[in-house]
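Reviewing the structure listed below.
Order of the sequence lines fixes the chain letters, A, B, ..., with proteins taken first and strands second; residue numbering starts at 1 for each chain. What you see is a predicted model, and the numbers here were worked out from it, not measured in a lab.
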Protein chains: 2
Amino acid sequence: MDSGVKKPGVTSSQVARRAGVSQSAVSRTFTPGASISPKTRAKVMAAAKELGYRPNAIARSLITNRSRIIAVVMAYLENLFYPDVLEELGRLLVKENYRLLLFTGFMDRDSDPVFDQLMQYRVDGIVLASTSLSSELSEECAAAGIPVVLFNRTTERDAVSSVTTRNREGGRRVAEFLVAGGHKRFGYISGLESSSTNRDRFAGYKEGLAEAGHTEIIYEVGNYDRAEAEAAARKMLSKPDRPDALFVANDHMAVAVMDVARHELGLSIPEDLSIVGYDDVGPARWTSYGITSMSQPLKRMVEATVNILMDQISSGEIEAEHRILNGELVVRTSARLPKSGVVEVDGRRIFKPAKG
Amino acid sequence: MDSGVKKPGVTSSQVARRAGVSQSAVSRTFTPGASISPKTRAKVMAAAKELGYRPNAIARSLITNRSRIIAVVMAYLENLFYPDVLEELGRLLVKENYRLLLFTGFMDRDSDPVFDQLMQYRVDGIVLASTSLSSELSEECAAAGIPVVLFNRTTERDAVSSVTTRNREGGRRVAEFLVAGGHKRFGYISGLESSSTNRDRFAGYKEGLAEAGHTEIIYEVGNYDRAEAEAAARKMLSKPDRPDALFVANDHMAVAVMDVARHELGLSIPEDLSIVGYDDVGPARWTSYGITSMSQPLKRMVEATVNILMDQISSGEIEAEHRILNGELVVRTSARLPKSGVVEVDGRRIFKPAKG
DNA sequence: CTGAAAGCGCTTACAG
DNA sequence: CTGAAAGCGCTTACAG
């Protein structure tokens, strides 16, 4: 093996020479839909194969002004929901012949360096799935004329597209479920208070409880973070007047809360405490947890995201589109069951209260 | 908000005109180390700011023949170990001023389309963290003169660089630990049998057991997959002659095995069955599992990976380098403790047998 | 330190 | 259908 510098790379001109045709002919051979005779194409293909030619996507991008790269901004991947999203995004984008440039592992504070790089690589579109820098970054990108989709979040000004689920209805559904289960004292462990998902989930929960006459909510902040959720759980659940029903703003935190409740505080779930989470992510399904959780239809969310992006890229029209999908309350073992309303659909148990 | 096509983008020539200098001067201003007077630089910077100029990385790549893009191939992200790796890779690569192009969500079979795209984008380096297509893909890339690092795996022919931990010693350590714990019947749930990690872990385990006089190992295949691991556990643990000590080839499977053992089969851990895993990944630390596990030093592994890549890119020398790091057996609650050898280091309990 | 010029590897009117 | 030519937005010898 001779160690080598990065090999020069075969160019279309070299292939052209070998095939005895013009460089344009080579280019056309590799451009779907371009006008080229079968005979010429065959000659080019043969030469290309011999030389191991592959069109240089960088050069192509420069001239077409399309990088065929979608940037995905996802600050942290600890919550398994996001790796799942990433995997599905990878799957769908490759089908559309797009590449995925990932921005992760940075502090959620500094949006400027990220933005700079997005711009430098002239990405064709952006998926923003990072909680806190959404607003600033999305406005900048939108202003630059690049399609942006906020994934699982929205901003106040709805000038930028988003894909979400009905978080408010979800929160309300959780309230109905817990009320139907006969609980008396209600708690909430919040996600990042500035995030739209948390705001909406809490608002719906509050509304739902209020309609049933429950106006007091025992409240702690978990910031969508494991350690903070544990601390919140310790604080809330070690008091004598702890709740008997607890809505945790996502499953990632709910797992931590359950561990604290059971193993540190010796509470039985759901006998002493009912817990409901959000997302229906992997660990929620593990039998150690069996979290009753509002699901978010991940595949359909990713599909909608890619569709919006592709539409905007091909039309050149950047008109904000908001896709709002429905979730379901998947019933498992972490919360007491209500007398009615739990139905079996496709082998899963769902809470569907009779319409009032 | 006027919906617009992707805005044309400001070019260096426009900035030059605005600043009253040559296009070369603009280029030099944005090339670290280029010869440019403070005065000219200031004029350029002012004009650039006014116009919102950012160098076009695509054009730069074309001429420098460096894309500053590292491809990361990671077929699936279900095992949290990999998202953790991804996050750390993102962190370190951005520090080196490299971007991360992610290939994920594809079937592990088809390596050709992936390879094609790697080549088309002229990536400067590749991190291969996908189990099954490692060998073919890595050889092709190496042949093309692109630095490749196999992450957490090796191939027979060691022409391509790799970063691993001492899996064999790890397997042996697990054996020593379980033997020291006084267990009598030993089981193994394997990962992908064709993978180097699995082969080495099993070989070490077998050796370690054999040295203590235990030559029989109850064996099932889990293929590093949750569902398959569950099935393997059901089969192995429902028999009357089930093991009392079980080494599961990674934590991702160990979690599933523990759930089956406890909740389906009613076994107590570690009273009825000791379980040891590998990786020391997130869920291993959750109190519901508390898995005793061989750790892999993720941060140092990623650091080594990036170092190898950067070295090879800057030197132009692609000489295979194999970095092999040490892990530790982190002791938690999923396995019976031996009488001696467990020590406390930095607040963690580690198994360090006295040297024989 | 500076500018004019060549050239990276393509796509795409344009003329035939 | 085909080829010659222009040009995408940069970097980098080269000459001054």
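- When all heavy atoms of A:Y224 and A:T197 are compared, the pair lying nearest together is OH-OG1, 2.8 Å.
- Closest to the side chain of B:S24, from the set C:dT11, D:dC10, D:dT12, is D:dT12.
- No side-chain N or O of B:T104 forms a donor-acceptor pair with one of A:E87 less than 3.5 Å apart.
- At a cut-off of 3.5 angstrom, counting only N and O atoms as typed in the model, there is a donor on one side and an acceptor on the other between the side-chain of B:R28 and the base of C:dG3.
- Using modelled atom types, one finds a donor on one side chain and an acceptor on the other under 3.5 Å when comparing A:S37 with A:T40.
- If you check the side chains of A:Q312 and A:S161, you find a donor sitting under 3.5 Å from an acceptor.
- Side-chain atoms of A:T31 lie closest to C:dT11 of the nucleotides C:dC10, D:dC10, C:dT11.
- A:I58 places its CD1 atom 17 Å from the C1' atom of C:dG7, with the value rounded to the nearest Å.
- One atom, CZ of B:R66, and another, P of D:dT12, lie 11 Å apart when rounded to the nearest Å.
- C:dG9 atom C1' lies 15 Å from atom CG of A:L51, rounded to whole Å.
- The pair A:R91-A:E88 meets the salt-bridge criterion, since a charged nitrogen lies less than 4.0 angstrom from a carboxylate oxygen.
- Figure legend. C:dA13 is base-paired to no nucleotide; pairs are counted as Watson-Crick or G-U wobble with both atom distances under 3.5 Å.
- Contacts of B:S27 with the nucleic acid, taken as non-hydrogen atoms under 4.0 Å apart, include base atoms.
- With D:dT11, C:dC1, D:dC10 as the choices, the nucleotide that has an atom nearest any side-chain atom of B:S37 turns out to be C:dC1.
- Not one side-chain nitrogen or oxygen of B:T40 sits closer than 4.0 Å to the OP1 or OP2 atom of C:dC1.
- To the nearest angstrom, P of C:dT11 lies 12 Å from CZ of A:R68.
- What separates CZ of A:R60 from P of C:dC10 is a distance of 9 Å, to the nearest Å.
- If you measure from atom CZ of B:R122 to atom C1' of C:dC10, you get 10 Å, rounded to the nearest angstrom.
- Distances from the side chain of B:T64 to the nucleotides D:dT12, C:dC1, C:dG3 place D:dT12 closest.
- When rounded to the nearest whole Å, the span between OH of A:Y121 and P of D:dC8 equals 22 Å.
- Here C:dC8 presents its P atom at 12 Å from CD of A:Q23, a figure rounded to the nearest Å.
- Residue A:S22 places no side-chain N or O under 4.0 Å from the OP1 or OP2 atom of D:dA4.
- Residue A:T11 is classed as a sugar-phosphate contact, given heavy-atom separations below 4.0 Å to backbone atoms only.
- If you check every strand for non-hydrogen atoms under 4.0 Å, B:V15 touches nothing.
- By the 4.0 Å N-to-carboxylate-O rule, A:D116 lies close enough to B:R54 to be salt-bridged with it.
- The side chain of A:L62 lies closest to C:dG9 when the candidates are C:dC1, D:dT12, C:dG9.
- Nucleic acid contact for B:Y53: sugar-phosphate only, since backbone atoms but no base atoms lie under 4.0 Å from a heavy atom of the residue.
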